[in-house]
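Step one of this worksheet: look at the structure below.
So that the names make sense, note that chain A is the first sequence line, chain B the second, and so on, each numbered from 1. Everything numeric in this text was worked out from a predicted model, so none of it was measured.
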Amino acid sequence: MVIVKRKELSFWERLYLPEVVRGLSVTMRAIFRRKITRQYPEEPLATNEVTRGQPRLAVNEDDTIRCVSCGLCEIACPAYAITIDGQETDRFIEREPERFDIDMLRCILCGFCEEACPKDAIFMSEELELADFSREALVYDIEKLKRPISALQRRSDYVYKLNDRWHSSSSTS
Amino acid sequence: MTTIQINGKDVEVDPKQPLIHALHTNGCDVPMYCYHPGLSPVGSCRICQVEVQQGEGPSRVVVSCRTPVADGMRVFPDSEKAHDVRRECLEFLLKNHPLDCPICDKAGECDLQDYSFAEGQGEGRSVEPRRKLEKRKSLGDVIVLDEERCILCSRCVRFMEEVPKTPQLTVADLGARSVIATFMDRPLTGKYQGNLADVCPVGALTLSAFRFQARVWNLTKTTGTCGECSRGCSVTTEVLRGGELKRFRPRYNADVNTWWMCDVGRFAIEEHSLEGRLVGALVRGSRELEPADPFDAIDRAADVFTAPGHPVVIASPWLTVEEGERLRDLAEALGSEVHFLSPPANDLADDLLHTGDPCPNRRGLEGLGFSPIDAEAALELLSGATSALICGERIGALLGEGLGELPEKLRLVVLDTMPLDVPAVRAELGVPSSIERTGTWINVDGHAGKLGIARSAPPGVAPLVQTLDDLVARLSTTATAGGER
Ligand code: SF4
Ligand code: SF4
Ligand code: SF4
Ligand code: FES
């Protein structure tokens, strides 16, 4: 237990009114300063390519999903948020996910899945908001995760650039 | 015994085995693709090369899978020269290999992937386009061939020639155009095709049944024993996320199955399906079978058995020795004889592994004093009795339709994996299937095969040993209390 000693008030302070005026003067000064409060959610957060929002699956222009259900993001995910089952397709790339679930409540937005993906199929989107009425609804299935690649383009370009930098600095041998 | 020197250390090795065997048994992980301990060596992939010096002469680089050991040989598997030649071989093997590990079913257990990861270079130097070949060529019902992934090690060709002795695969065409093929693209036949997917060191031959079913690193692997015939091949049971059984793979056992297993056992996956399993217990209410607490079901069973008369006891051939012992003790206490259901031999027998006898524990149960009886005789025995216990995995299915015609005066207690809804049943309890319990089966030659728990049984299903123990305990309290509850 800690006993907190009250500060002894001086006579001036005990007069009360001067202190009220001093407090109000702080308020008055702040009113005319530049406002820094953001009116969230009416005013959305500014994002840029470094923003690591929730992971989303990229869909090509021709409506095919890029993911081949290789499971690398699943094994890379430190939060065990991803569950994938594969299936066969008629496309040239023979495999695609039948089930692709990300438990958004587990996801820690670390971006490891994006980094692990050999197919540039999963990107950290700019979507940051997460709310629903049940836990089940926050386990996103493949339909909820699909995004056209145009929506992820900025991040995709950024990741390519990062990888290039990594390649040129590490392939010394 | 021959003495050779590996990395400057003297070791005793088996003179009948090639050098690679000596290296592997002494902790040197020399890679290999074309060599398989169960097949004749051909020395075609050259990835197993090591540096060897004999006497005072200059050292040479040799393929360790085709080199016999000789006294005084000095082997340097990790020397710079050995590494260099292996790395060069690897580069050639990868020259035409497609980079499709992300969709390849072998990824995670692929020798080519492992060794490329350990030793290979990050980037290829070749500028020529890779070979374009057929990527999903069906070789019958069991195997799919991806020609691009094949490294032409010819293990599959030799397997077909040497193990089931039904040569069907060959290396067709010449040089850079070589591919693995069957004659006139005929589908493969035989009961040992599944092993091709295991011998193929890369993902060229894969099982169509396992195609894209799971990533191998997500499978939990447990040692077990195959229960589809009395050979009892040692297997690895692989289960996805603690639930669905995805595949059986043979596990090396010199006394029983060496490296192989037959397709009958390999594809006995449905038998362990979780669908429709008897979970918990059922007892007969006024008319219908109703879900009940397992303890109530045991009480009910005890009531059935304390009625006058000797109950008929029939066990499933999948009962383990441990469970058989408990069941025999129970039967002894009840004054009954023990039988086990022995279906007639099927026509799957061959001279490699499959025995044609579907009872994996025939030797074990016979040794415990169980007498074999076929389904017809069992049903006859049951229809003449007033109470009976049928016990073990798949027993209801083995007895078949006839169970429905048993007289209602028969009071039947069932311990089975699947629910059984026939009028004679008074109480039934779920039991674990053979991938959900431990125990021992004795195979046709007297070798013990251990069962392993690859996944937990469905909730409410206790091990059979425990259920039988509970039943015995319950019966003995009934006896001391003079039949009162
Ligand atoms: S961002 Fe991190 S935690 Fe979220 S799914 Fe990807 S790997 Fe898992
Ligand atoms: S790593 Fe990429 S391609 Fe592989 S499963 Fe994840 S999203 Fe799909
Ligand atoms: S299919 Fe597999 S086992 Fe057969 S030659 Fe090709 S790589 Fe070897
Ligand atoms: S393993 Fe020795 S040459 Fe292929």
Side-chain angles (χ1 to χ4, degrees), chain A residues 57-58 60 64-103 106 112-123 139 141-142 163-173, chain B residues 83-84 87 97-110 113 116-125 130 132-138 143-149 203-204 206-220 238-247:
Chain A
L57 293 175
N60 291 323
T64 52
I65 189 156
R66 284 193 181 178
C67 171
V68 297
S69 68
C70 71
L72 291 192
C73 52
E74 185 182 19
I75 200 78
C77 177
Y80 304 113
I82 307 179
T83 316
I84 306 169
D85 287 330
Q87 69 181 12
E88 179 142 21
T89 78
D90 302 332
R91 284 190 285 137
F92 172 66
I93 292 181
E94 304 141 273
R95 186 179 172 125
E96 70 172 16
E98 178 188 19
R99 158 182 182 205
F100 195 115
D101 292 345
I102 303 186
D103 188 339
R106 303 201 74 147
F112 280 17
C113 47
E114 177 188 69
E115 212 173 303
C117 182
K119 292 283 172 189
D120 302 320
I122 192 164
F123 286 109
V139 179
D141 64 8
I142 186 162
N163 285 348
D164 275 350
R165 183 146 32 130
W166 181 80
H167 271 299
S168 51
S169 66
S170 69
S171 59
T172 43
S173 61
Chain B
H83 270 300
D84 279 350
R87 196 159 33 236
H97 197 78
L99 277 174
D100 58 359
C101 302
I103 58 170
C104 179
D105 271 333
K106 196 80 173 190
E109 54 184 20
C110 172
Q113 193 183 40
S116 309
F117 189 69
E119 299 255 350
Q121 26 204 45
E123 263 141 63
R125 290 184 293 166
R130 285 160 203 266
K132 284 268 168 288
L133 293 168
E134 212 168 322
K135 284 199 71 73
R136 29 185 150 177
K137 184 166 175 182
S138 166
I143 294 288
V144 187
L145 166 67
D146 185 324
E147 292 179 340
E148 288 186 356
R149 291 185 195 145
T206 49
L207 298 176
S208 51
F210 183 67
R211 194 165 161 86
F212 304 161
Q213 288 293 303
R215 301 308 274 165
V216 297
W217 54 84
N218 285 338
L219 297 169
T220 324
E238 306 192 354
V239 160
L240 181 64
R241 298 185 199 117
E244 230 177 307
L245 172 64
K246 284 294 181 189
R247 59 177 183 180

Taking the side chain as everything from C-beta on, heavy atoms only, tell me whether B/Asn218 gets closer than 4.5 Å to A/Glu74.
yes
Using heavy-atom distances under 4.5 Å, tell me whether B/Leu240 contacts chain A through its side chain, its backbone, both, or neither.
side chain
Should the heavy atoms of other residues, nucleotides or ligands under 6.0 Å from CD of A/Glu115 be counted, would the total exceed 12?
no
Value for CD (A/Glu96) from CD1 (B/Ile103), rounded to nearest 0.5 Å, stands at 11.5 Å
Roughly how far, to the nearest 0.5 Å, is CZ of B/Arg215 from CG of A/Leu72?
7.0 Å
Go through it in stages, so that I can follow the logic: the residues are A/Arg95 and B/Asp105, the test is salt bridge (Lys or Arg N to Asp or Glu O under 4.0 Å), and I'd like the CA-CA distance, side-chain angles, deciding distance and then a yes or no.
CA-CA 10 Å; A/Arg95 186 179 172 125; B/Asp105 271 333; 3.3 Å; yes
Any side-chain heavy atom of A/Gln87 within less than 4.5 Å of one from B/Phe212?
no
Contact between B/Arg241 and A/Thr83 at the side-chain level, heavy atoms closer than 4.5 Å - yes or no?
yes
Measuring only between side-chain heavy atoms, which start at C-beta, is B/Val144 closer than 4.5 Å to A/Glu94?
no
What is the minimum heavy-atom distance between A/Cys70 and B/Pro102, and which atoms define it?
CB-O, 3.0 Å
